[in-house]
Structure formats: C-alpha cells, structure tokens
Amino acid sequence: MKNPLKLYDQFFSSRLLIGSALYPSPAVMDEAVKASGAEIITLSLRRQNPAQQEGQIIWKYIQEMGLQLLPNTAGCKTAQEAITLAEMSREIFQTDWLKLEVIGDDYNLQPDPYGLIDAASELIKRGFKVLPYCTDDLVVCQKLMDAGCEVLMPWGAPIGTGQGLLNKYNLKTIRERLPQIPLIIDAGIGAPSQATEALEMGYDAVLLNTAVAKAHDPVGMATAFKLAIDSGRLAYESGLMLKRQTAEPSTPTIGMPFWHQGQ
C-alpha cells in the first residue's frame with residue numbers, strides 16, 4: 001500500500017484491527033490474529049481480566065505477539081464507569097491507548113452519545129489516546145473531534161450482527177465531511193466483501209472480532225479479511241471509475257471495417 005495508517009503518533013502497515021474474544025481457544029485466537037496481519041489488538045479488562053486464570057492465558061498470548069494493545073471499556077454504561085475502567089486498564093496494561101465504549105441500549109448495544117462525549121472529553125484531558133466507538137451520526141462525530149479525539153470509529157451495524165454497512169449514506173457523509181481524520185468501521189462487519197467496500201469508500205481501517213472468531217475456520221477467515229482489506233485500500237488509492245447512468249462501449253469504433261462505420 002502506498003500510505004501507512006497513522007493513528008495518533010504511530011504508523012501501521014495493516015488496516016485491520018482485531019479483537020481477542022469469542023475464539024474457540026486461546027491457541028486459535030493466536031493463530032487467527034497472526035494470520036490477519038493485524039498490528040492492533042483489543043482486550044477488555046472487564047471480560048478478559050489478566051488477574052483471572054483464563055485471562056492470564058489470553059494475556060500471555062497477546063504479550064508474546066508484540067502488537068499495539070488497545071484496551072476497551074466494553075460493558076460500561078456510564079461515562080464514569082468508562083473513565084474508571086480506563087484508568088484501571090492504563091495501570092494494568094501500561095498503555096494510554098483506549099477503545100472507548102459507553103453503551104446506551106442493551107438490545108442493540110448502541111453507544112450512548114452523551115456519555116461517550118463526556119467520557120471522551122475527560123479522558124483526553126487525562127492523556128489518553130481515545131478511539132471512540134460511536135454510531136454513524138455526523139454531529140456526534142463532530143462533537144467527538146471537538147473533544148480532542150484524533151480517530152473516530154463509527155459502526156457499520158450493531159455489534160456482532162454481521163449486517164455490514166447498513167447506512168451507507170451516513171457513512172459516506174461522515175467520510176466526505178471529515179476528510180482530515182482517520183475513520184475506522186467498528187462493529188457489524190460480517191464478510192470480507194463488506195470490509196472491502198468500507199475501504200473502497202475511503203474508510204481508513206476496519207475493527208472486527210466476531211466475524212473471525214465465530215467463523216468455522218477462524219484462521220482462514222482472518223486471512224480472507226486481510227486480503228479483502230488490502231484489496232479495498234488498493235482500489236481506493238488507485239481511483240475507482242465513476243458510475244454512469246448510460247452505457248459506454250469499452251471498444252472504440254475507430255479502425256473497425258468500413259461497413260461498420262455508417263452504423
């Protein structure tokens with residue numbers, strides 16, 4: 001790829017961010033993450049606490065990978081909960097990177113925009129590099145930028161649904177109106193083709209977990225997503241053809257035999 005992905009002050013060659021939950025085993029998680037080529041991995045302190053036995057095993061695998069860790073505040077429902085968990089994660093994992101989640105609805109796990117903005121504002125002041133998980137709402141994205149977020153992560157669809165890019169109009173609008181900030185599709189991606197489309201639209205990366213972890217072959221699916229995302233980015237950088245309402249011949253008539261010239 002021509003241009004690396006820049007998030008805050010770091011550069012990455014991979015445009016796939018991957019989660020560490022839901023895999024059949026820690027060993028499968030390890031193989032799948034390596035096959036994906038991802039350089040950033042998410043981990044929830046609440047759900048995969050290194051102080052617990054299973055969490056220790058997962059944490060050991062992640063440490064050995066040497067990737068950029070992106071702790072998340074999954075399960076938090078208020079700004080204060082998210083802030084408290086963020087501080088705990090920074091102390092335990094020794095990183096100021098944070099995937100910020102403040103959930104407002106238990107049914108579709110939709111982010112609470114008010115709590116999200118409040119938490120982001122405070123965490124930015126405390127020196128965190130905040131990557132907020134938000135809906136495809138332009139105004140919310142603008143408010144998060146105003147709060148100091150240098151990366152935004154709007155959803156494609158609710159977490160774990162595999163529905164893909166449900167509201168392409170909103171997503172395209174965000175990309176067009178906020179050209180200066182890295183945008184990552186987070187949540188809802190279920191197939192490699194959906195990830196390709198996100199990159200073709202100009203989104204900078206994709207964060208996913210369930211689509212790989214719950215596949216029949218997580219390692220094979222991780223490879224498929226790696227290739228799909230590389231393909232989508234290359235297509236975007238190469239410049240997609242403009243769509244047309246009418247047909248246009250791909251073969252010119254110049255040089256054709258004379259009996260076709262008058263037709």
Side-chain angles (χ1 to χ4, degrees), residues 5-12 15 17 19 40-46 68-106 108-159 165 167 169-188 198 201-208:
L5 173 65
K6 182 181 180 183
L7 303 178
Y8 285 96
D9 55 353
Q10 291 186 226
F11 291 89
F12 303 92
R15 292 177 178 270
L17 291 71
I40 302 174
I41 187 169
T42 64
L43 177 69
S44 170
L45 177 60
R46 175 168 287 181
Q68 171 63 55
L69 183 64
L70 182 62
N72 66 62
T73 59
C76 292
K77 296 183 178 180
T78 68
Q80 189 55 56
E81 269 189 283
I83 292 168
T84 300
L85 190 59
E87 289 286 9
M88 292 172 62
S89 294
R90 178 160 63 178
E91 182 176 346
I92 291 172
F93 298 123
Q94 295 296 297
T95 179
D96 52 9
W97 282 61
L98 182 74
K99 176 189 173 184
L100 178 61
E101 297 184 33
V102 181
I103 301 302
D105 182 78
D106 289 332
N108 66 359
L109 300 179
Q110 180 172 329
D112 173 0
Y114 307 105
L116 187 66
I117 293 167
D118 288 345
S121 300
E122 178 61 27
L123 290 167
I124 291 290
K125 293 175 185 176
R126 297 189 186 194
F128 283 88
K129 295 178 174 65
V130 178
L131 287 76
Y133 161 60
C134 59
T135 56
D136 51 6
D137 185 305
L138 174 63
V139 175
V140 171
C141 288
Q142 291 172 323
K143 295 291 185 182
L144 288 167
M145 284 183 60
D146 293 342
C149 295
E150 297 182 22
V151 182
L152 300 176
M153 301 202 299
W155 69 359
I159 295 173
L165 309 179
N167 197 329
Y169 173 81
N170 276 16
L171 292 172
K172 288 179 180 178
T173 299
I174 292 170
R175 178 70 286 175
E176 291 170 0
R177 294 288 300 277
L178 306 178
Q180 73 277 35
I181 191 168
L183 295 176
I184 300 171
I185 293 292
D186 178 14
M201 286 170 57
Y203 275 74
D204 297 279
V206 167
L207 191 160
L208 54 84

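Atoms considered below: every heavy atom in the structure, side chains included; atoms not considered: hydrogens, waters and symmetry mates.
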Close side-chain approach of T135 to P113, heavy-atom, < 4.5 Å: no

To the closest 0.5 Å, what do you measure between SG (C141) and CD1 (I181)? 8.0 Å

Separation between CG of L98 and CG of L70, rounded to the nearest 0.5 Å: 7.0 Å

What is the minimum heavy-atom distance between L85 and N72, and which atoms define it? CD2-O, 4.2 Å

Is there a side-chain contact between T42 and L17 in this structure, where contact means two heavy atoms from C-beta onward sitting under 4.5 Å apart? no

Are I41 and L69 close enough that some pair of their side-chain heavy atoms sits under 4.5 Å apart? yes

Locate the shortest heavy-atom distance separating I185 from G156; write the atom from each residue and the value. CG2-N, 4.0 Å

By side chain to side chain donor-acceptor pair (under 3.5 Å), which residues pair with D204, not counting sequence neighbours? R175

Under the salt bridge (charged side-chain N to carboxylate O under 4.0 Å, His left out) definition, can you give me all pairs with a residue in residues 82-99, not counting sequence neighbours? E87-R90, E87-R126, D96-K129, K99-E101, K99-D186

Give me the atom names and distance for the closest heavy-atom approach of W97 to D9. CZ2-OD1, 4.5 Å

Does atom OH of Y114 have more than 12 heavy-atom neighbours, drawn from other residues, nucleotides or ligands, at distances under 6.0 Å? no

Grab the two heavy atoms, one from I174 and one from D137, that are nearest each other, plus how far apart they are. CD1-N, 4.0 Å

Find the distance between CE (M201) and CG (L165) and round it off to the nearest 0.5 Å. 6.0 Å

Sort and list the pairs that fulfil salt bridge (charged side-chain N to carboxylate O under 4.0 Å, His left out) and have at least one residue in residues 141-155, not counting sequence neighbours. none

Taking V102's backbone N and O only, do any of them form a donor-acceptor pair with Y133's side chain (distance below 3.5 Å, no angle check)? no

Within the distance-only criterion (no hydrogens, no angle test), does the side chain of D118 pair as donor or acceptor with the backbone N or O of A79 below 3.5 angstrom? no

May I ask you to test the N170-L138 pair for a side-chain heavy-atom distance under 4.5 Å? no

